[in-house]
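Accompanying notes for the structure given below.
Order of the sequence lines sets the chain letters (A, B, ...), proteins ahead of strands, with each chain counted from 1.
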Amino acid sequence: MAVTIIRRLKHYFITKTHHHELRRYVIFKGLSNFELHLLHNYLHRRQFKAGDTVFEKEYPLEAVFFVEKGELEVCGKFSSGGRTVLKRNQFIGIIDLFYENTRSSSAKALTDLTVLALSRNDFWDLVTKNKALGIKLLTACCHFLSRHIATLVSEPEQ
Amino acid sequence: MNWTRISFYILIAVVIVAAAIFYRWVISYVLLSVVFAYVLDPLVSWFEFRRVPRWLSVLLVYAIIAGVIAWFSALFVPDLVQQGKELFDTLTAGETSASDYIISLPFVSSIYQFLVNLDSQIPNLGLADSFYNAIHSAEENLGKLPKILIDNYQSIISTLSFIATIPLISFFLLMDKQKFRKAIISFIPNRYFELSLILINKLDETVGRFLRAMIFEVIAVSIMVSVALSIVRVPYSVLIGITAGVANIIPYFGPLSGAAIAALVILISGKPLIMLLYAFLALYLVQVVDNNIIYPVVVGKTIKMHPLIVLLTVLAGGWFGGILWMLISVPLAYMVYSLVRELYTNLKKFRLI
């Protein structure tokens, strides 16, 4: 009886999450189910047709885009060789998020594209409102940026 | 030309117009509920970020607010009722009529005597009679107050149901805030997506901050004025405090109206005139604390509007919708101005204009 009641209470009171797929993105890999649930509240799904401009260089930066489906071509100074094609589970906007208020690159959908967008404001909101989540997100961003710098530095030697 | 697309857009336009006509009676409910939800959202989010499900967070916040209101009521309402009753008794009861009582008050009596003297010197002026009649008609209207309340019981009940419906609508707005937000943003074309995020965040920040600050300020100023006037022994201090707190929403002119009410009460109740000085000093101190500590801390920055624009906005608000609009017109005008400025800046940045 008691077990049934506890199970019922758990059913109503513990936040369930169906957002495990978000862990495919390296910066969300270490987040718990509850943190993924909080994050998912802030994500916007957007669809672009092949050839559509996602954003242009020197536009104000407000969203980080996570590729869910399709291919995204990015042209800018932080892309290796000046051009990168982003595929499923990759993302764009993290560098500019910490670096400046405007886009350093432009992006275009190569194929029909579905992305998840996280606003800069919501990103900082998540980081400041839930410290544990904030530390995990910022640490993951640091890892990602370190790897990206290492890749850029090692490129001329290849 | 794509006729299917055009037909679809026409259909959508028809649906929107039909919905606007159908729901026009509840628009005021929804707007007020949105305001209520904006005020409570940070508290609900605070609970949500501590693993409390959102629906339960909303209920917890409602319970806290109900508790605070009950506590405040227990603290202030008996005083408020007592003071209101005393004021009402002063104006409506006694052996002499209220108008005779008011005329007998020292300050009013000196004005009346001055007008009588003026009448005796200038024939057919009749200022003293007009003055007496004005006070008498005010007394008659006050006497009709219970009848007015009974005659308008239907509108009073509908106002009460209006007040009761707001928390219910706000409950759903608060519980599914992110769903509503996502739904609205999903209708925006990709070209304007980032711009819409910036504007919605700005709206959240400006409106939310303003509303919360306004409510906090009303409460803080009401308490401070009540306490300050009680210390200098001004009668009906709680009544004046609450009125001054609400009027304080209007920059520049709100604090003046608080002082005017205090002065009027002191004069009507026949207290010594030196009390006016004490009351003004007390109200000045409250304004110093409010302007230098409460407002900068709570709002972050003050409404930087020229006094003339504030005056014109308050007057326009009064003409448009009475006292309520007089109170909300200045913050509303400032919010609209901030949003339009933000829209213009970002349209430029996104090279849309």
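With no hydrogens or angles considered, no side-chain donor-acceptor pair links E205(B) and N121(A) at under 3.5 Å.
Between E194(B) and F55(A) there is a side-chain heavy-atom pair separated by less than 4.5 Å. With a 4.5 Å cut-off on side-chain heavy atoms, K49(A) and N190(B) do not count as touching. Two residues are said to be in side-chain contact when any heavy atoms from C-beta on lie closer than 4.5 Å; Y59(A) and R351(B) meet this criterion. N201(B) has its side chain within reach of E62(A): a pair of non-hydrogen atoms, C-beta onward, lies under 4.5 Å apart. Counting heavy atoms from C-beta outward, L38(A) and E48(B) have side chains that approach closer than 4.5 Å.
Using a cutoff of 4.0 Å between basic side-chain nitrogens and carboxylate oxygens, R181(B) and D122(A) are scored as salt-bridged.
Of the possible polar contacts, one joining the K182(B) side chain to the L43(A) backbone as a donor-acceptor pair under 3.5 Å is found.
Other residues, nucleotides and ligands contribute at most 12 non-hydrogen atoms within 6.0 Å of the NZ atom of K108(A).
Remark: T128(A) OG1 to F49(B) CZ distance equals 8.0 Å, nearest 0.5 Å. Between K349(B) atom NZ and T102(A) atom OG1 the span is 9.0 Å, to the nearest 0.5 Å.
With a 4.5 Å cut-off on non-hydrogen atoms, P189(B) touches chain A through its backbone but not through its side chain. Heavy-atom distances place the backbone of Q47(A), and not its side chain, under 4.5 Å from chain B.
Closest approach of I185(B) to R46(A), counting heavy atoms only: O-NH1, 3.0 Å.
In this structure, H44(A) and F193(B) have perpendicular ring planes: the angle between them is above 60°, well past the 30° mark.
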